[in-house]
Amino acid sequence: MMRNKTMLITGAGALLLLVGGCEKKVGGQVVAVVNGEEVTQQEVNAELQAANIPATADKKAVMAQVVQQIVDRKLLVQKAKAEGLDKSPNYLEQLRRGEDALIINLLTTKAAKGVALPDTAAVDKFIAENPTLFSERKRYTLDQISFPQPTDQTVLRQLEPAHSLEAVAATLSAAGIQFTRGKADLDSAMLPPPVAAKIAALPAGEPFVTPDKGRIVASVITSTTPSPTPEAQARPAALELLRRQSLGTAMQKQLDAARAAAKITYQPGFTPPKTPAPGATATAP
């Protein structure tokens, strides 16, 4: 009996020694340990790189701050996991979407390496063909009316004869649609060139209507300020826009090829509309 008891104590002692031997400690690449979870130098370096720290900053002070931010983040993650939130359907769905976005971003980065930069002639041609982005760039002050996207599309058709913001307001009031009115600024360089050209050609006081995140916005230009893009900025901007267009085209080709080779079935009522015909303009992801 005594012998068995001694063996039990010895076994328990050996287990404690084993656990103690596996305890994680700081040192080397491990800069901190949070409840047994390591914070590595690699994690800190990644955070510093993403933060784009100025060269004149006190690197030791910044690093200490970054380490504390990582520690705090891990504490919150551990708290959330202790409450079982990492098993919730909402978390799992957002995790899946995040993983999808990450892997697509990596695919896009890989595709970008094969995209050739346009030459000087292509850049000059792009600048000349898109004046609203460069030489004829304008900044507008707008008077706007915003209202929820109506379920009855006839309301939008009723706005077509409205040639002033007051007429838009009267039409919405007659339809019983509540709206808000306010001011905004608009840079023509933020618009697709064909849209910017149409807005620039509108008669004075003529409203234009655009969708915006589930709402409809009717705008009237109240003042216009020429704001041409300086030549020193025009070429780099044009180069980047052309690069994005080429990348978008390359990604669209990969998507078209994957869709053509895939076997996809849809439940009735969920079939998407037909895709644009080959050769349609693609946009960067």
Side-chain angles (χ1 to χ4, degrees), residues 11-115 146 148-149 180 182-187 189-190 211-215 217 233 236-237 239-241 243-244 247-248 250-251 254-255 283-285:
L15 181 60
L16 288 173
L17 287 172
L18 181 62
V19 172
C22 292
E23 182 180 354
K24 296 178 180 178
K25 298 181 180 180
V26 296
Q29 288 296 308
V30 179
V31 299
V33 178
V34 187
N35 293 327
E37 186 176 356
E38 295 178 345
V39 177
T40 66
Q41 184 68 56
Q42 185 177 4
E43 288 181 82
V44 177
N45 291 341
E47 295 273 345
L48 290 170
Q49 186 175 4
N52 195 19
I53 306 300
T56 56
D58 184 342
K59 290 183 172 54
K60 287 187 177 180
V62 172
M63 184 175 295
Q65 184 179 5
V66 167
V67 170
Q68 189 57 51
Q69 290 174 352
I70 296 174
V71 168
D72 291 346
R73 186 169 68 232
K74 288 188 182 296
L75 287 171
L76 292 174
V77 169
Q78 291 171 5
K79 171 65 174 173
K81 288 182 176 180
E83 296 183 7
L85 295 180
D86 58 326
K87 302 296 190 296
S88 66
N90 187 33
Y91 169 78
L92 294 175
E93 173 58 25
Q94 291 192 44
L95 178 64
R96 182 193 63 78
R97 292 176 60 190
E99 290 177 341
D100 288 352
L102 175 60
I103 197 68
I104 291 173
N105 185 54
L106 292 174
L107 179 65
T108 303
T109 301
K110 180 181 179 181
K113 295 178 181 178
V115 173
S146 174
Q149 173 84 44
T180 57
K183 304 288 185 180
D185 296 320
L186 177 64
D187 185 345
M190 302 303 294
D212 182 28
K213 299 177 182 178
R215 298 182 67 83
V217 181
Q233 298 176 13
L239 184 66
E240 177 61 17
L241 287 169
R243 189 193 68 84
R244 289 185 185 181
L247 178 57
M251 291 299 295
Q254 292 197 37
L255 177 59
T283 56

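Just so it is clear, the values below take in all heavy atoms, side chains as well, and ignore hydrogens, waters and symmetry mates.
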Undergrad: Side chain to side chain contact (heavy atoms under 4.5 Å, CB included) with V39: which of V66, V33, V26, V44?
TA: V44

Undergrad: Restricting to non-hydrogen atoms, name the atom on V67 and the atom on A32 that form the minimum distance, rounded to 0.1 Å.
TA: CG1-CB, 4.5 Å

Undergrad: Which one of Q65, R73, Q42 satisfies the side chain to side chain donor-acceptor pair (under 3.5 Å) criterion with E47?
TA: R73

Undergrad: For Q49, is the CD atom crowded, meaning more than 12 foreign heavy atoms sit under 6.0 Å from it?
TA: no

Undergrad: Are the side chains of V31 and M63 in touch, meaning some heavy atoms are under 4.5 Å apart?
TA: no

Undergrad: What do the steps show when you test L75 against N35 for side chain to side chain contact (heavy atoms under 4.5 Å, CB included), and what is the final call?
TA: CA-CA 8 Å; L75 287 171; N35 293 327; 4.0 Å; yes

Undergrad: Please enumerate all residues that pass side-chain hydrogen bond (donor to acceptor under 3.5 Å, both in side chains) together with N90, with sequence neighbours excluded.
TA: Q94

Undergrad: Quick one: pull up CG in L85 and CG in L92 and give me the separation to the nearest 0.5 Å.
TA: 11.0 Å

Undergrad: Using every non-hydrogen atom in the two residues, find where R243 and V115 come nearest and quote the distance to one decimal.
TA: O-CG1, 4.2 Å

Undergrad: Under the side chain to side chain contact (heavy atoms under 4.5 Å, CB included) criterion, do V77 and E37 qualify, and how do the steps go?
TA: CA-CA 11 Å; V77 169; E37 186 176 356; 5.9 Å; no

Undergrad: Any ion pair linking K74 and E43 (charged N to carboxylate O, less than 4.0 Å)?
TA: yes

Undergrad: Taking Q78 for the side chain and V34 for the main chain, is one N or O donor matched with an acceptor at less than 3.5 Å?
TA: yes

Undergrad: Can you measure from OG1 (T108) to CD1 (I103) and round to the nearest 0.5 angstrom?
TA: 10.5 Å

Undergrad: Search all heavy atoms of V30 against all heavy atoms of K25 and return the closest pair with its distance.
TA: CG1-O, 3.7 Å

Undergrad: Is R96 salt-bridged to E93, cutoff N-O under 4.0 Å?
TA: yes

